[in-house]
Amino acid sequence: MTWELLESTCAACQKCALGATRTKSVFGTGSRTADLLFVGEAPGEQEDLTGTPFVGRAGQLLDKFLAAVDIPRKDVYIANILKCRPPQNRDPLPEEEAACIDYLREQVRLLKPRIIVCLGRISAMKLIKPNFAITKEHGQWFDKNGYLMTAVYHPAYLLRDPRKKEDMLEDMKRIAAKLAELQGEG
Ligand code: URA
């Protein structure tokens with residue numbers, strides 16, 4: 001599998017009903033040699049219109065946190081569990097996740113990131129463990145299938161509860177430090 005083939009397959013995907021309602025599928029963006037992969041939930045309105053993940057208000061807040069810990073957005077890779085927008089931004093349905101997850105699995109195989117960061121509980125429940133408790137377990141490290149993983153609050157949640165931004169900054173600092181440590185090891 002190549003990035004190009006995977007992306008074009010995803011762009012034409014009709015494996016679930018979201019294929020009929022999306023404007024654009026939102027494959028992923030960033031560096032295809034990134035050590036750091038962020039995985040959100042699903043595209044929102046702006047993402048559906050542009051085809052790029054995390055460009056709406058939540059994405060702009062994510063950008064601020066990346067800047068705060070000196071990680072250029074162009075150096076990371078950003079994707080979602082679902083590649084198409086659920087109507088009214090409702091939570092992904094199990095059958096939509098099941099239809100879509102192999103795209104992300106293949107992205108991970110191609111990218112081979114050193115760290116995978118789940119953005120929010122939906123992503124953490126899918127990628128780390130089904131009973132992931134974001135309030136208690138954000139910022140903790142998990143080893144899953146040889147990948148170092150962690151989860152942080154979803155930026156859309158931080159827009160609703162700005163008091164959690166301090167925790168987010170601490171988690172992002174810890175992620176940046178771990179990344180520097182791993183990169184220093186070569
Ligand atoms: N929220 C997500 O989970 N993903 C996006 O791409 C945008 C908003």
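Counting starts at 1 for both ligands and their atoms, in listed order. Below, each value reflects all heavy atoms present in this structure, side chains not excepted, and no hydrogens, waters or symmetry copies.
- Distance alone, capped at 3.5 Å, places no donor-acceptor pair between the E170 side chain and the D167 backbone.
- In terms of the side chain to side chain donor-acceptor pair (under 3.5 Å) criterion, residue partners of E7 (sequence neighbours excluded) are, by chain and number, R32.
- Under the rule for a side chain to side chain donor-acceptor pair (under 3.5 Å), D91 has no partner lying at least two apart in sequence or in another chain.
- With sequence neighbours excluded, no residue forms a salt bridge (charged side-chain N to carboxylate O under 4.0 Å, His left out) with K74.
- Rounding to the nearest 0.5 Å gives a distance of 12.5 Å between CE of M168 and NZ of K64.
- Atoms CG and CG, from L66 and L36 in turn, are 8.0 Å apart once rounded to the nearest 0.5 Å.
- For ligand 1, the 4.0 Å heavy-atom shell contains residues G40, E41, A42, E47, P53, F54, N80, H154.
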